[in-house]
Each structure stands twice: as structure tokens, then as C-alpha cells.
2 protein chains.
Amino acid sequence: MEKTIHGRPYKETKRGPVLTPCAPNSVLARLGDKWTILVMSILALDPARPLRFSEIRTGIPDISQRMLTLTLRNLERDGLVLRRYFAEVPPRVEYELTAMGKTMLPALEGFTGWIRENWQEIERSRQAFDAAEAERSASGT
Amino acid sequence: MEKTIHGRPYKETKRGPVLTPCAPNSVLARLGDKWTILVMSILALDPARPLRFSEIRTGIPDISQRMLTLTLRNLERDGLVLRRYFAEVPPRVEYELTAMGKTMLPALEGFTGWIRENWQEIERSRQAFDAAEAERSASGT
DNA sequence: CTGAATCCCTGACGATACTG
DNA sequence: CAGTATCGTCAGGGATTCAG
């Protein structure tokens, strides 16, 4: 029976616990990239309704066409988003969350909920830290 | 009363919902970087026990000294980790989770729990996607 | 309308060597 | 022991242009 912390296996040694990197890292890295959460959030607004490429893009004003394409492709590759292509003229493509994509929403909500409740304090901490750092370098002159 | 999804404010327009980027992005980006979650996980193994720099490093064999320093400093800046410096010879520095850092653990656990239950399926999806892609480019020759 | 291809730049990250 | 300084590499990501 392997011990885990946050889904990560680790071994007890006389020098303390040792974490061994594993696949879930890549999932977190994906979710942590610049646009993925925003795209997931857009699709989560009404999980039952597929959205067109341009609708998603309108919902995220600052994303470039290239990055939206890449982000959606990665989500499709991970099985979180379903892509449906209609061979019409002009072409139409719709995206929606897969079943697995939908099961992620509560966990995502839990995490972003914590952020919602704490980001002001984080912001304050960052400013205090930066101020203290600036003062140290000033006194060093 | 502003509407939010995943802690992110958005506006309804006739063209659909529009997400406006805000500070929490930077929190998720921080957590999503290469080492932060691993360091948090190490400190979370026994939240009551402060760890020395070298203990943390031993627990994450692949991290470089530089990246551990940077990761810890960022966590300290965000107010998630407390750094205690002892002016001894040789010097000793201990790190532990702050109160806010500890409140993050359940949310983190929820998220990584979802990953733990789904990463095999994600892995399968990735392989299927890559296989299909390889086949398409093969048939194109 | 959707997406591929190209160019380029910035920043994250690693390796190494040095310091209090 | 813990951290800094410096350098080099490489992928993420933006702007632009082309294609089906």
C-alpha cells in the first residue's frame, strides 16, 4: 500500500519523505497555463451548450487566434473538450465539455473558490514583500 | 451584483458572456509552475513541522538549488510559506506553511484528487489522439 | 469561419561557479 | 548550509500572413 500526498506517491526515508514526480504533474501544468482555465470557464458557463470557435474567442477578448486553437487542441487531446466539425461553407466548428470535462468542474470550482476568498490577502502579501525588498536595497546604497 | 464563474467576473452581452481577466489568474499561474505544487506537497506532509532548505531539496531530488530558492521565495511573497532565518554558523533556514497556506490544502487536495481519479483516462485520451494524428499524416503521404 | 505556417522575442529553467 | 551571479538553452506565446 503506497502512501500518497495530493495524489503523489512518496517514500519514507531516514532523511525524510521523497516525492517522486509522476504523470499528474503534466495535468496540473496544462491547467496552469495561460488560457486553459479561461477556456474551461467559458465552456462551463452553460455546459450543455456547444460554442463555436468565434464565440469562445469573443468571450476571451485578449486571446490570439493561434493560442485559442492550441489551447482547444490540447483540451481535446486530454479528453476534456469535444470538437465537432461541420463541413459546410463557411466551415463551422463547435466545442463542448466532455463527460470527464464536466466532472472536473466541482474540483475546479473548489480551487478557484479558495482563490476568490484569498487573493486579496495574497495581493497584500506581495505588496508588503516587494516594499520590504525595495527598502532593503535602498538602505544598501 | 456581479455574476461570476469560478471566481471570475463576467458580463453578459448579446454576443454571449465575456470573461474579464483578473488577479486570480496569477495565483493559478503560480501554482501551475513546475515546482510549486511539489514544494507545497512536501511542506503539507506534516504541516506542523518546519523543514530546512536541504530537507526540502532532498524530498525533491530533481529540483536545482536555484529553482528551489526561487520557488520558496515566490511562495513566501504570496504569503503561503513562512521563512525563518537563524544567524548561526553554518546558517540554518526553516520553512513552513503559513495559516493561509494551510487553508489552501483542502482545495488543493480536491483538485489533485480529481487528477488522481482521472489521469489514466487523460493519458489514454492523449495516446489515442496522438495515434490518430500520426495516422492522418501517414495517409497524407 | 477556422486554422496552419512563419518569424521573433521574452521569460522560465538548468548548470556551474562563487560568497557569507 | 543557504543563497547569489552569470550564462546558455528552449518552449510559450504574440503578430502576421496564407489556405481550405
Side-chain angles (χ1 to χ4, degrees), chain A residues 15-16 21 25-26 28-39 42-43 50-78 81-96 129 132-133 136-137 140, chain B residues 15-16 21 25-26 28-39 42-43 50-78 81-96 129 132-133 136-137 140:
Chain A
R15 299 198 169 229
N25 286 322
S26 67
L28 261 172
R30 162 77 1 92
L31 274 316
D33 75 8
K34 190 167 180 181
W35 300 110
T36 298
I37 298 287
L38 280 169
V39 171
I42 284 276
L43 292 170
L51 291 177
R52 300 190 53 167
F53 184 89
S54 46
E55 288 179 296
I56 301 174
R57 193 168 180 200
T58 307
I60 310 175
D62 288 341
I63 198 172
S64 67
Q65 191 181 46
R66 168 188 156 81
M67 289 318 295
L68 181 52
T69 299
L70 289 178
T71 303
L72 285 168
R73 171 173 321 213
N74 281 326
L75 285 170
E76 185 195 4
R77 186 171 105 100
D78 288 356
V81 160
L82 176 67
R83 178 191 136 113
R84 251 195 297 259
Y85 176 83
F86 300 90
E88 307 169 353
V89 180
R92 177 165 55 102
V93 184
E94 289 184 349
Y95 296 90
E96 65 182 308
F129 186 94
E133 199 180 38
R136 260 186 302 125
S137 68
Chain B
R15 298 196 170 228
N25 286 322
S26 66
L28 262 170
R30 163 76 4 90
L31 273 316
D33 74 9
K34 191 166 180 180
W35 301 109
T36 297
I37 298 287
L38 280 169
V39 171
I42 283 278
L43 292 170
L51 290 176
R52 300 190 54 167
F53 185 89
S54 46
E55 289 179 297
I56 301 174
R57 196 172 176 195
T58 306
I60 310 176
D62 288 342
I63 197 172
S64 66
Q65 191 180 43
R66 169 187 155 82
M67 289 318 295
L68 181 52
T69 300
L70 289 177
T71 303
L72 285 168
R73 172 166 322 184
N74 281 327
L75 286 170
E76 186 195 2
R77 186 171 104 100
D78 288 355
V81 161
L82 176 67
R83 179 192 135 113
R84 250 196 297 260
Y85 176 82
F86 299 90
E88 306 169 353
V89 181
R92 177 166 55 103
V93 185
E94 290 183 349
Y95 296 90
E96 65 182 309
F129 186 94
E133 200 178 38
R136 260 185 301 125
S137 68

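What you see is a predicted model, and the numbers here were worked out from it, not measured in a lab. Protein chains get the first letters and strands the later ones, always in sequence-line order, with residue 1 at the start of each.
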Counting distance only, does the side-chain N/O of T36(B) pair as donor-acceptor with the main-chain N or O of R30(B) below 3.5 Å? yes
Between atom CZ in R57(A) and atom C1' in dC1(C), what is the gap in whole Å? 11 Å
Grab the CD1-P distance between I56(A) and dC1(C) for me, whole Å please. 15 Å
Mind checking R66(B) for me? I need base, sugar-phosphate or nothing, with any heavy atom below 4.0 Å counting as a touch. base
Closest to the R73(B) side chain: dT2(C), dG3(D), dG14(C)? dG3(D)
Whole angstroms only, please: what is the OH-C1' distance between Y85(B) and dC1(D)? 9 Å
Knowing that exactly one of I42(A), L51(A), I56(A) qualifies, which makes a side-chain contact (heavy atoms from CB on, under 4.5 Å) with Y95(A)? I56(A)
Less than 4.5 Å apart, side chain to side chain, heavy atoms only: is that true for V81(A) and E96(A)? no
Examine dG3(D): is either OP1 or OP2 under 4.0 Å from a nitrogen or oxygen in the side chain of Y95(B)? Give yes or no. yes
Where the side chain of R52(A) is concerned, which of dA2(D), dT2(C), dC13(C) is the nearest nucleotide? dT2(C)
Let me know the distance between NZ of K34(B) and C1' of dA11(D), rounded to the nearest Å. 11 Å
What is the separation between atom CZ on R30(B) and atom P on dG11(C), rounded to the nearest whole Å? 14 Å
Separation of N74(B) atom CG from dC13(C) atom P, in whole Å? 10 Å
Which one, dG14(D), dG3(C), dG14(C), comes nearest to the side chain of T69(A)? dG3(C)
Side chain of Q65(B) (C-beta onward), nearest among dC13(C), dT2(C), dT4(D): dT4(D)
To the nearest angstrom, how far is D33(A) atom CG from dA12(C) atom P? 14 Å
If you check every side-chain atom of F53(A), which of dT2(C), dG14(D), dC13(C) has the closest atom? dT2(C)
Just how far, in rounded Å, is P of dG3(D) from CE of M67(B)? 14 Å
Minimal non-hydrogen separation, E94(A) against P50(A), with atom names: OE1-CB, 3.6 Å
